[in-house]
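In what follows, chains are A, B, ... by sequence order, proteins preceding strands, each numbered from 1.
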Amino acid sequence: MNSCLETIRDYALRSIGIGERLLPRADITLCEQFTLIGSGLIWNIYFGALALFFGFFLATAVALARGARNALLRKPAQWFIFVFRGSPLFIQFFLFYEAFVLLPKMGIDINLGFVEITAETRWLTRAWLGALIVLFLNTAAYSGEIFYGALRAVPQGDIEAADAYGLTGWRKFRRIVWPTMLRLAWPAYTNEAIFLFHATTLVYFSGFPAWQQKGDALYYANYFADKTFNPFIPYPILAGYFILLTLAIIAVFGLINRRLNRHLPQERRQMLRFRPNYIR
Amino acid sequence: MFSFCTDPASLPQLEWFACYLTTGKHMAFYGSFLVVLLLLLVTAPVALAFGFGGAMAARARFAPLRWFGKGYTAVVRGVPDIAFFMFFVIALDQGIEWLRHKIRCPDWEQPIRQGNDFVVCAQAKMPLSNAAQWVHEAYGFTLAVLTFSIVFGAFAANVLFGAMRAVPRAQVETAEAYGMTHRQAFWRITVPQMWIYALPGLSNLWMILIKATPLLFLLGVEDIVYWARELGGAKTSAYSYPHPDWRLWYFLALLVFYLGLTRVSEIVLGRITARLSHGQATLGGQALRKGAG
């Protein structure tokens, strides 16, 4: 038991480079598998949470552009959604990685007035930034399509009521259209969030190298399966972690769903259940 | 390929590309596109069959069978599909070898798991170590198809289970009133009517399946991703066709291939939906009636 605590101390933050440098090689214990795979989950949560957060804003913009009457706005949004939804994420990772590698390897100076930051393009070839950009664009396309569908489903009566109250432009959007859109889109968006977190496992298998063996949960699970030649232990552990992560996502999104629906009478509120209909 | 390809170094641009794109390796690259299409064509019906079996099991009145069906559909929900792909390929391989080991070498004393190794007797190796190269490749491909089918079968079981429940209850009640048994009502009433309810879900699954095919690369099959990396990498002048790193262009070609595939699928599936909606008491069927009348 004591040695397990030591293992946790050595490897719990291994995926972000804190703790023991060498990965366990021989006599791999169950404790080491649990700790390292759990440690890799940090990356899955990092990629998923940040891509979802930034993707949310781009998705709203894409959905609005997709529904715009102006073809200069509509066409690019349509193409953006088509390209990212119509091709495998796996290929997108490879493509972007190769593109980032070809970028000139130099820094771009950003002058913020008081401080100067050098943004180096070589960071783009690292998973933490490069893969995040791909996931961000990918989820923005999928969520954009979901939001667009919801935008078209906003009841006409709500808009008319807003007009009657004299709301226009930004205020009408902010107070009426956007909340209703979110409310309608939320079950599908939850689904997308779950899929996005699952998709983060692809990062280290698709071009982006795991630097100094700092990888995500699947990377470590695969490492153990290769080392012990026994897939029946690491992969179920990974599955267990992901089921917990999925339940956590549903809990968080369920809370937001309750807040979005709080003005509705009790029986008309739809509970958020995990019923994936695999709409991707 | 062409007669002028004997000395590529002296060729002008256009001919150089004509020769470059028709080398033996490029032919293998084009062949791997067929491998992807083959995988799709084989996996889709097999996965549908798995899904049908799973959905039937989930509806069974015999409790253990029902638990199995529900468990099968539930287990893929919370877990990334790529984890399943990585798991099943090794697990199936070891399972098959273990079974053959038990049958072929019953008097083998040593344990199969020796520390970090998985050891079976030589006759139980799958495929046999002296088998031809194509047997190894075919075996790898079969494992991949089986893996895809198991994972997508569970998705399909979920869709079909919902579709079976979506068939109006009155239809089954009428069948029972006519004296049909449970089995007859299922095969004659529920199954023919469920497809229109299953179609949106199945179309989505088809799209997800298309987009999952590059994962073949991770299963050790020499597929389009493998060749794109292989051919695109920078070639020094030691090769007959030296070029810098062209992987970006190769992956761009793959992207275009997949975009085309999903676009064509969308159009075809739209047509099928329209066809199946004929005469159905759904919104789509109603719209078709109004359009015709």
Query raised in the report: Do A/F93 and A/Y97 have ring centroids that are under 6.0 Å from one another?
Result: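 No - the distance between ring centres of A/Y97 and A/F93 does not fall below the 6.0 Å cut-off.
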
query = Is the centre of the B/F50 ring less than 6.0 Å from the centre of the B/F152 ring?
reply =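 No - the distance between ring centres of B/F50 and B/F152 does not fall below the 6.0 Å cut-off.
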
Max heavy-atom pair count under 4.5 Å with chain B, selected residue of [options]:
options	answer
A/T201, A/L244, A/L247, A/I249	A/T201
A/N222, A/L218, A/L245, A/N230	A/N230
A/F82, A/F205, A/F96	A/F82

Identify which part of B/L218 has an atom lying under 4.5 Å from any heavy atom of chain A, answering side chain, backbone, both or neither.
->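 Side chain of B/L218 only, per the 4.5 Å heavy-atom cut-off to chain A.
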
Is B/F217 in contact with chain A via its backbone, its side chain, both, or neither, using a 4.5 Å heavy-atom distance?
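Just the side chain, heavy atoms under 4.5 Å.
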
For A/L238, which atoms come within 4.5 Å of any heavy atom of chain B: side chain, backbone, both, or neither?
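For A/L238, the side chain is the part near chain B, not the backbone.
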
Open item on the list: Taking atom CZ as the centre, does A/R74 end up with more than 12 heavy-atom neighbours from other residues, nucleotides or ligands that are less than 6.0 angstrom away?
Closed with: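 More than 12 within 6.0 Å, yes.
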
message: Check B/R263 with B/E266, please: is the shortest side-chain N to carboxylate O separation under 4.0 Å?
response: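 Judged by the 4.0 Å cut-off on N to carboxylate O distance, B/E266 and B/R263 do form a salt bridge.
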
- [ ] Name the option with the most non-hydrogen atom pairs under 4.5 Å to chain A; the candidates are B/L259, B/I90, B/T262.
- [x]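 The candidate making the most pairs under 4.5 Å is B/L259.
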
Any donor-acceptor N or O pair under 3.5 Å, side chains B/Y258, B/T213:
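On atom types as modelled, these side chains qualify, holding a pair under 3.5 Å.
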
- Pairwise side-chain contact, A/W128 with A/W43, heavy-atom cut-off 4.5 Å (strictly under):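 SC-SC contact between A/W128 and A/W43 confirmed.
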
